[in-house]
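Report on one structure; see the data block that follows.
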2 protein chains.
Amino acid sequence: MTNAGKRVLIVDDEAPIREMIAVALEMAGYECLEAENVQDAHSLVVDQRPDMILLDWMLPGVSGIEFARRLKREEATAELPIIMLTAKGEEENKVQGLESGADDYITKPFSPRELVARLKAVLRRATPPGVEETIEVNGLILDPVCHRVMAHDKAVDVGPTEYRLLQFFMTHQERAYSRSQLLDQVWGGNVYVEERTVDVHIRRLRKALGQSHEQLIQTVRGTGYRFSTKAS
Amino acid sequence: MTNAGKRVLIVDDEAPIREMIAVALEMAGYECLEAENVQDAHSLVVDQRPDMILLDWMLPGVSGIEFARRLKREEATAELPIIMLTAKGEEENKVQGLESGADDYITKPFSPRELVARLKAVLRRATPPGVEETIEVNGLILDPVCHRVMAHDKAVDVGPTEYRLLQFFMTHQERAYSRSQLLDQVWGGNVYVEERTVDVHIRRLRKALGQSHEQLIQTVRGTGYRFSTKAS
DNA sequence: AACACTTGTCACATACCTGTAACATCTCAC
DNA sequence: GTGAGATGTTACAGGTATGTGACAAGTGTT
């Protein structure tokens, strides 16, 4: 779900280990980038902008810890979550590792499951919540924080897609959208669904809103739909 | 209901606007305090301890945003809900406004109805009792001091995790939380457990609460869970 | 060591949501 | 009015999210 498609940069000088990690992460739905030294890693960070880094402690040339510090110093990369990888028995370095700015720390050998779990946890913490405002129109209230829709103080029961649809409409009032625009905006660009599917969800949303508010969603014949407080 | 008699502090330098807002709110059953600058506002906050603040963006002297930041910084007032008022076309300030700690944001001109709706929404979800205070909802009582849960004067037997979960929910009512957020908030940030584990503990908690109260914990499909006294 | 209790995970059951098709109804040009 | 295209409406099969019970491992107690 929310973690799907996140890009993880794996930095380790041993190819088999990189490979193992990459396989584990890809099975979990992540996209992987790989680098075997700090120079390559840095190019990839700048170039590909991954969502997080798995960084081996021991690296030829510049050490992992050095690299982590550098990333944290630079404005553009300071927020990049880093998980440090280290061999067993280097416990005493832990503190140093975390002080270098790493967000977590994992000891080899580790199970793929543990790796994925930690990675999720770190990503979760690093993703700041979006702006959450309450929107009100003619007694119809959409409250993103409570993830709820109310019509004249009565809860309206809408499914996930209808909720997103309504949220989009309420944040983009008075303007007409074609079915394909709605598919892009509400469903997300990379899905393939019939345009008529939009009609069905519009219908479901109207039904859920009930007589009192269904006329807010207006049909623009030959074009699509529009959310408007003005009668058509 | 719970909103009756709440005291709202209106901070705006234009008297007519303050008056208009005050009338609207009083009709809706709120009690109003008024201030035309930050100095007066601050005195009133300290002195009268209002339940929330309607704060104009543009103020002579110290700006509204500055004031909001100050309030959020101070321990005693950090929890005070704030709704920012701003003139149309200052959209670009929106993010800044919310970052300053405002809980919502409303653009002039607005209808009294809209204002009241938002105010309700903000108040509804922003009344977190102190840690040591017992919380009561529909005959369900959580007593942090005795570390105990009672349903209609009968002790409810819950495990440690379910207790923390319930406590979190009761101090953060009405708001929807994802499984990730619950893991962060209830389990603590540094644990690595499956998201579905949350479901299991929700189940255990519901079971422990019994028919009389289990509907307080609502499923928000596709998102997570919510503790709410209102039917879904 | 046996026990009671808690916890995280799994496997299966169930409920709900989704996209599509098929048919009904509407609108407009002719 | 008629027909073609657009939209409304319903039903349904399959997929996905959540509910639920069981279990093994861990912990602390007796």
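All values below come from the heavy atoms of this structure, side chains included, with hydrogens, waters and symmetry mates left out. So you know, we letter chains A, B, ... as the sequences are listed, proteins then strands, and number each from 1.
Among the protein residues, A:R179 comes within range of the sugar-phosphate backbone only, with heavy atoms under 4.0 Å from sugar or phosphate atoms but none that close to a base. At the heavy-atom level, A:E195 lies nowhere under 4.0 Å from the strands shown. Using a 4.0 Å heavy-atom criterion, one finds that B:E214 contacts no nucleic acid atom at all.
The phosphate of D:dG19 has OP1 or OP2 within less than 4.0 Å of a side-chain N or O from B:R206. Side-chain nitrogen and oxygen atoms of A:T219 include none within less than 4.0 Å of the OP1 or OP2 phosphate oxygen of D:dT7. Here A:Y225 reaches the OP1 or OP2 of D:dG8: one of its side-chain N or O atoms lies under 4.0 Å away. Between B:Y163 and C:dT7 there is no side-chain polar atom (N or O) within less than 4.0 angstrom of OP1 or OP2.
If you measure from atom CD of A:E194 to atom P of D:dT7, you get 15 Å, rounded to the nearest angstrom. The nearest whole Å value for the distance from the CG atom in A:D199 to the P atom in D:dA6 is 11 Å. Atom P of nucleotide D:dT18 and atom CD1 of B:I217 are separated by 15 Å, given to the nearest angstrom. The nearest whole Å value for the distance from the NE2 atom in B:H201 to the P atom in C:dC10 is 14 Å. As rounded to whole Å, 15 Å separates atom C1' of C:dT7 from atom CD1 of B:I202. If you measure from atom CG of A:L182 to atom C1' of D:dT7, you get 15 Å, rounded to the nearest angstrom. Following rounding to the nearest Å, A:D157 (CG) and C:dC17 (P) show an atom-to-atom distance of 7 Å. In this structure, CZ of B:R204 is placed 10 Å from P of C:dT6, rounded to the nearest angstrom.
A side-chain N or O of B:Q218 and one of A:R148 form a donor-acceptor pair less than 3.5 Å apart. Inspection of the B:S180 and B:S178 side chains reveals no N or O donor paired with an N or O acceptor under 3.5 Å. At a cut-off of 3.5 Å, with distance as the only test, no side-chain donor of B:T161 or B:H201 sits close to an acceptor on the other residue.
Using a 4.5 Å cut-off on side-chain heavy atoms (C-beta onward), A:Y177 and A:D184 make no contact. Residues B:P144 and B:T134 are in side-chain contact: their nearest non-hydrogen atoms beyond the backbone lie under 4.5 Å apart.
Closest to the B:W187 side chain, of the nucleotides D:dT7, C:dG19, C:dG8, is C:dG8. The side chain of B:R196 lies closest to C:dA11, out of C:dA11, C:dT18, C:dT20.
Nucleotides of DNA chain C nearest to A:V193 and A:R221 differ in position, and the one nearer the 5' end is that of A:V193. Nearer the 5' end of DNA chain C, as judged by each residue's closest nucleotide, is the contact made by B:T197, out of B:T197 and A:V200.
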